Number of protein chains: 2
Amino acid sequence: MSHMVYSCLMAVDRDHVLRSAAALLTRKATATMDEVAKAAGISRATLHRQFAGRDALVRALEALGISECEAALDAAALDDGPASEAARRLVHELQPAAALLAFLYTENQLFEGEEQNAGWSRIDDRVAALFRRGQEAGEFRIDLTPGWLTEALYGLLASAAWAVTEGRVARNDFTHMIVELLLGGALRRDETRREES
Amino acid sequence: MSHMVYSCLMAVDRDHVLRSAAALLTRKATATMDEVAKAAGISRATLHRQFAGRDALVRALEALGISECEAALDAAALDDGPASEAARRLVHELQPAAALLAFLYTENQLFEGEEQNAGWSRIDDRVAALFRRGQEAGEFRIDLTPGWLTEALYGLLASAAWAVTEGRVARNDFTHMIVELLLGGALRRDETRREES
DNA sequence: CCATCGTGAGACGTTGATGTCTCACATGGT
DNA sequence: ACCATGTGAGACATCAACGTCTCACGATGG
């Protein structure tokens, strides 16, 4: 009986802690467990009760990032309509998770080897599939590989997230900046072709 | 007398250590001083004689990155010819330093506040000035701010550097991938271009 | 009213990296 | 041969973060 109540409360707290940790670690990737705890408004002991250690916390954040990514991928309905519009929807859906993704993106670069969560590969595949679809539909240029476009999307998301938190670009322009730069580059430019070289 | 010889030798060694450290830290940003020393083929003691501590080492790497950036900026002659060609030259010149820049780029995101080296602002300004020049010449679109384009360039450089080291894209395509994506997005779209030519 | 449980505070011991030190050794110049 | 100097190896103390533990408090449910 009480089990239900407690597990419910813990689930709520767990999510709150996760959110605060994401917000803090996004700004200061080297934040200590003590700082994470204080940022979440709890003690270090409680933090340790919910996440066995820093690794567990980071892996939980990774799981959160993956689930948010997949939610965004679903919401964007990548298979519908023009690929460019699908990409625009994707970036728009990804925006709230951008800061967290930026943290996880660099966190993965921090260590060598150390096989990464399989979830990322599936996400990579879905994003790459979108670009491939755009290429096969004659919508995107074919000299930029889907793999590179995927990587570039991550990079631009991270750059934009940082630029926003440091006030170098306005938060409102977030989606526009990324989409326009990415698609403008990925979109085949038919009219310009005749002029190039 | 002997001072000359020793200082000369130390200068050579210092540069070599710096290069190896850059190569290692690029792959594993959390590498220990011991690993850095071994990677450079020297003992930890000697490493410590040349760089007072980890901070000093990172700051030396920062100085190296800044100087390489400025060398690339000079070599690219950003004020000559079309801005798009200048940007292409810039990326090409920046390529050898890309991995180091990727390391320093994330290193700066790792800490909050902590005023960054003034050298970066000057570099930012020069790059942003290039994009601004392209906009004023009617070559680049004006809805993407020079500041964002600068930030995006850094992000793409880092993404490409990582993608290359992890074998996701071919090293030979490095410049092409970045330039085509960046410029394709930055270049103003066709209709206006027709009138001009 | 009492029992239970989560929590905060804090005291540990442990680990890993760091910075400092000494000393023996090899090299190179005198 | 002699001396000086840079180097490698390793010992040593220090420090910060971690993980574990205990204990008292407050709240909640029976």
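Since the model is a prediction, treat every value here as computed from it, not as a measurement. Numbers restart at 1 for each chain; the letters A, B, ... are given by sequence-line order, proteins then strands.
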Okay, side chain of [X], backbone of [Y]: is any donor-acceptor separation there less than 3.5 Å?
| X | Y | value |
| --- | --- | --- |
| B:Arg133 | B:Leu78 | yes |
| A:Glu35 | A:Thr30 | no |
| B:Glu139 | B:Ala83 | yes |

Once you round it to whole Å, what is the distance between [atom2] of [N] and [atom1] of [X]?
| X | N | atom1 | atom2 | answer |
| --- | --- | --- | --- | --- |
| A:Phe51 | D:dG19 | CZ | P | 13 Å |
| A:Leu47 | C:dG6 | CG | P | 16 Å |
| A:Arg54 | D:dA16 | CZ | C1' | 13 Å |
| B:Gln50 | D:dT5 | CD | C1' | 14 Å |
| B:His48 | D:dA11 | NE2 | P | 17 Å |

Run B:Glu68 and B:Arg19 through salt bridge (Lys or Arg N to Asp or Glu O under 4.0 Å) and show every step you take. CA-CA 12 Å; B:Glu68 293 203 348; B:Arg19 298 288 168 181; 2.6 Å; yes
Residues of residues 32-44 of chain A with a heavy atom under 4.0 Å from any atom of DNA chain C, listed by number, are A:Gly41, A:Ile42, A:Ser43, A:Arg44
Verify the neighbour count for atom NE2 of A:His176: are there more than 12 heavy atoms of other residues, nucleotides or ligands below 6.0 Å? yes
Start with the C-alpha distance between B:Asp143 and B:Trp148, add both sets of side-chain angles, then the distance that settles side chain to side chain contact (heavy atoms under 4.5 Å, CB included), and finish with yes or no. CA-CA 10 Å; B:Asp143 58 332; B:Trp148 162 239; over 6 Å; no
Any luck finding a side-chain donor-acceptor pair between B:Gln95 and B:Thr175 under 3.5 Å? yes
Listing time: all N or O pairs from protein to nucleotides 21-23 of chain D that are below 3.5 Å?
none

Check whether the ring centres of B:Trp162 and A:Tyr154 lie less than 6.0 Å apart, and answer yes or no. no
